[in-house]
Amino acid sequence: MIRGTKATQLLRGIAIIVVLKVISWYFNFKTLNFISDQVINWAVVVLVIIFQPEIRRGLEQIGRGSVFTPANVKDVAIKKRIDEIDTALQYMATRRIGALITLQGTTGLEEYTETGIQLDALITNGLLINIFIPNTPLHDGAVIIQDDRVAAAAAFLPLSDNPDIPKMFGTRHRAAVGISEVTDALTIVVSEETGAISFTKDGKLITGMTHDEYRKFLFDEMGAKTAPKKSFWQKLLSQSQNKSDKGDQE
Ligand SMILES: Nc1ncnc2c1ncn2[C@@H]1O[C@H](COP(=O)(O)OP(=O)(O)OP(=O)(O)O)[C@@H](O)[C@H]1O
């Protein structure tokens with residue numbers, strides 16, 4: 001999950017400090033012991049400064065209630081996300097507008113969003129279509145989606161050197177396979193040449209799915225149920241509403 005993020009370097013730093021602390025304690029190195037104690041004492045402040053953006057985002061999520069959001073509310077949000085992406089895919093596929101969209105999984109994609117133009121915008125089909133309109137400043141490269149936000153456009157993804165990718169696929173498809181080899185992201189490609197919609201995941205290129213098949217695939221991959229179910233509380237509420245409606249009629 002933390003692969004590809006600054007947390008990796010940080011963990012390495014913490015490991016070095018812990019090793020220094022143990023050595024200084026074991027051999028009774030007073031100066032080294034004093035320095036490592038100071039570093040450890042200030043570590044909390046340093047961590048808060050380094051992770052300020054992540055902490056802010058987490059607090060915002062708690063504020064919006066998304067951490068404690070019931071599963072079915074999350075399903076509705078995921079369905080909305082898929083609908084927006086799907087509308088854009090259908091529009092671009094029928095007009096043969098090439099597109100490359102990477103949906104972040106658990107692996108951080110910061111090192112790739114940094115290569116593009118940062119957006120941090122809500123996912124809408126209009127925005128996605130606009131980004132990929134040919135000969136506009138953002139159309140070249142990949143869109144990276146993190147949760148419900150379009151994090152960046154025109155991002156550069158690593159190219160796969162897998163010799164098994166058929167020659168008919170060019171660099172757009174190779175980049176889609178490439179990112180799926182080094183992260184757990186799901187990537188969608190619309191071919192400019194054919195209008196075909198393909199997907200990459202775990203190093204595999206998946207082609208030829210029907211509209212219904214790929215929608216189901218997206219729902220499965222993004223962890224939503226096809227038809228959002230009512231929660232216990234919603235069922236209870238609608239039952240009591242039904243009863244009171246009947247009561248009113250009588
Ligand atoms: N490493 C990369 N990262 C992100 N986008 C890339 C990368 N390499 C190429 N692209 C995108 O792919 C486009 C070139 O696509 P190309 O025609 O080579 O691929 P293709 O797989 O044959 O796709 P298509 O079927 O759409 O032609 C570039 O203009 C760029 O937008």
Side-chain angles (χ1 to χ4, degrees), residues 1-17 43-64 66-67 69 74 77-78 81-82 84-85 88 98-124 127-128 130-132 136-162 171-190 199-205 218 221-223:
M1 185 151 82
I2 58 169
R3 201 156 28 117
T5 67
K6 58 190 168 195
T8 328
Q9 285 113 305
L10 199 85
L11 278 181
R12 217 174 291 150
I14 291 172
I16 291 170
I17 291 165
V44 174
V45 178
V46 173
L47 284 177
V48 168
I49 294 170
I50 293 174
F51 285 105
Q52 186 260 336
E54 286 80 5
I55 293 171
R56 199 195 59 200
R57 222 174 299 141
L59 289 174
E60 279 171 4
Q61 276 189 358
I62 291 171
R64 269 188 252 123
S66 52
V67 169
T69 310
K74 281 194 180 143
I78 290 172
R81 217 175 289 171
I82 291 174
E84 292 295 333
I85 294 170
L100 183 59
I101 302 172
T102 294
L103 308 168
Q104 180 174 294
T106 56
T107 317
L109 294 179
E110 275 67 28
E111 67 177 282
Y112 305 106
T113 56
E114 279 164 12
T115 63
I117 293 164
Q118 317 286 308
L119 292 177
D120 189 23
L122 205 64
I123 304 166
T124 61
L127 175 64
L128 293 174
N130 238 285
I131 287 173
F132 290 110
T136 54
L138 300 187
H139 89 284
D140 240 351
V143 155
I144 295 181
I145 290 181
Q146 293 171 327
D147 298 323
D148 61 344
R149 315 290 292 172
V150 177
F156 187 82
L157 304 181
L159 290 175
S160 168
D161 54 11
N162 183 344
T171 51
R172 203 190 308 271
H173 291 82
R174 276 198 176 270
V177 178
I179 190 74
S180 79
E181 288 171 343
V182 292
T183 71
D184 64 350
L186 166 71
T187 298
I188 312 169
V189 189
V190 180
F199 299 82
T200 63
K201 176 87 191 177
D202 301 327
K204 290 187 195 72
L205 177 64
L218 286 176
E221 287 294 327
M222 291 166 81

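Since the model is a prediction, treat every value here as computed from it, not as a measurement.
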Point to revise | I85/I145 under side chain to side chain contact (heavy atoms under 4.5 Å, CB included): CA gap, chis, key distance, verdict | key: CA-CA 10 Å; I85 294 170; I145 290 181; 4.0 Å; yes
Review point. Given the rule in the side chain to side chain contact (heavy atoms under 4.5 Å, CB included) test, do L218 and L186 qualify, once you have shown the distances and angles that lead to the verdict?
Key: CA-CA 9 Å; L218 286 176; L186 166 71; 3.7 Å; yes
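Separation of atoms CG (L103) and NZ (K201) is listed at 9.5 Å; rounding is to 0.5 Å. N162 contributes atom CG, which lies 7.0 Å from atom CZ of R174 (distance to the nearest 0.5 angstrom). Distance check, rounded to the nearest 0.5 Å: CD1 of I101 to CD1 of I144 gives 11.5 Å. The structure places CG of D184 at 3.5 Å from OG1 of T107, a figure rounded to the nearest 0.5 Å. Atom CD1 in I82 sits 10.0 Å away from atom CD in E221 (nearest 0.5 Å).
Residue F132 forms a side chain to side chain contact (heavy atoms under 4.5 Å, CB included) with just one option from V143, V190, D140, L138, and that option is V143. Only one option out of T124, D148, L128 pairs with E84 in a side chain to side chain contact (heavy atoms under 4.5 Å, CB included); it is T124.
At least one donor-acceptor pair under 3.5 Å links the side chain of S180 to the backbone N or O of G203. Between the side chain of R81 and the main chain of R149, no donor-acceptor pair closer than 3.5 Å is present. Formation of a donor-acceptor pair under 3.5 Å by the T115 side chain with backbone atoms of F156 is found in this model.
Smallest separation of non-hydrogen atoms from N130 and T136: O-OG1, 4.0 Å. Between Q104 and A185, the closest heavy-atom pair is CA-CB, 4.4 Å. When every heavy atom of A154 is checked against every heavy atom of I117, the shortest pair comes out as CB-CD1, 4.4 Å.
Residues Y112 and T102 have side chains not in contact (no heavy-atom distance under 4.5 Å, counting atoms from C-beta outward). Side-chain contact between T113 and Q146: present, with at least one pair of heavy atoms (C-beta onward) separated by less than 4.5 Å.
Taking the side chain to side chain contact (heavy atoms under 4.5 Å, CB included) definition, one finds that T171 meets it with L159, sequence neighbours left out.
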